[in-house]
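Naming: A, B, ... by sequence-line order, numbering from 1 per chain.
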Amino acid sequence: MIQSDLDLFGSQPQSLASQVMLLPGFALPEVEVLLDALRPVLRAAPFRHMQTPGGLHMAVALSNCGSLGWVSDARGYRYSPLDPLSGKPWPALPEVLLTLAARAASQAGFEGFVPDACLVNHYLPGTRLSLHQDRNEQDFSQPIVSISLGLPAVFLLGGMQRSDRPQHVPLSHGDVMVWGGEDRLRFHGVLPIKPGKHERMGERRINLTLRKAG
DNA sequence: TAGTACCC
DNA sequence: CACG
């Protein structure tokens with residue numbers, strides 16, 4: 001199958017659950033602009049491995065932009081206006097990300113999405129993210145918008161209980177996923193990234209997760 | 001507890 | 001901090 005067939009085939013939104021939409025390749029037109037916007041963000045707030053409340057460290061390296069950033073340490077998970085590494089506010093959320101997230105949310109049925117936080121997660125081959133819920137935000141009626149870049153991944157879309165068997169959702173460079181409503185608190189995670197090299201991104205996956213945290 | 005280790 |  002040639003690439004144009006894949007693009008056409010994959011370009012239709014896919015409903016993964018009642019309030020979970022996969023928008024294949026949705027971010028592709030913006031990718032270069034998006035990466036340009038990300039560069040200064042990561043200069044100001046480099047990727048780092050945060051500590052879990054149990055004292056261990058996360059396999060994923062992360063950064064943030066926006067007025068709030070997700071942090072984890074011995075005291076627990078929370079959002080903070082300051083980067084604990086620099087002591088300064090997180091870099092501003094780039095306009096291209098704000099508009100892309102709003103467009104994606106709108107396409108999935110969530111109008112007026114104005115995120116104030118963007119987690120930037122960095123995965124090397126072998127990196128995984130175990131099942132968890134996003135529950136540190138103030139308003140669970142606001143959706144989550146997730147943008148995949150680089151190496152492909154298998155997203156685990158679980159249920160409301162950790163023990164619910166997750167759907168395995170393949171995610172590729174440029175895919176955008178939106179979830180909210182009754183699915184907002186679903187457990188989710190990422191299987192270990194398979195070794196490989198993405199033509200544009202190299203041996204890494206970067207995931208941008210936009211939320212309204214405050 | 002967004003983690004690991006694995007029966008104590 | 002029991003246990004998929």
Could you tell me how far apart A:H132 (NE2) and C:dG4 (P) are, to the nearest whole angstrom?
23 Å

Round to a whole Å and report the spacing from CG of A:L131 to P of B:dT4.
13 Å

Over how many whole Å does the gap from A:H57 atom NE2 to B:dT4 atom P extend?
8 Å

Here the side chain to side chain donor-acceptor pair (under 3.5 Å) pairs for residues 42-53 of chain A, sequence neighbours left out, are A:R48-A:D83

Is A:Q19 reaching over with its side chain to a backbone N or O of A:G180, donor-acceptor style, under 3.5 angstrom?
no

Hey, does A:S72 reach any base, or is it just sugar-phosphate, or nothing, if we go heavy atoms under 4.0 Å?
nothing

So, does A:R184 use its side chain to make a donor-acceptor pair with the main chain of A:D134 at under 3.5 Å?
yes

Measure CD/A:Q161 against P/C:dA2 and give the value in whole Å, please.
19 Å

Please state how far atom CE in A:M160 lies from atom P in C:dG4, giving the value in whole angstrom units.
22 Å

In whole angstroms, the gap separating P of B:dT4 from CZ of A:R162 amounts to 12 Å

Residues in contact with DNA chain B, drawn from residues 134-146 of chain A - heavy-atom cutoff 4.0 Å
A:D134, A:N136

Which atom pair, heavy atoms only, marks the closest approach of A:F113 to A:L210?
CZ-O, 3.7 Å

Sequence neighbours excluded - side chain to side chain donor-acceptor pair (under 3.5 Å) pairs with any residue from residues 91-102 of chain A
none

For B:dC8 and B:dT4, measure between their P atoms and round to the nearest Å.
23 Å

When rounded to whole Å, the CZ to C1' distance for the pair A:F187 and C:dG4 reads 12 Å

Has the side chain of A:W90 got a donor or acceptor atom that lies under 3.5 Å from a matching backbone atom of A:W70?
no

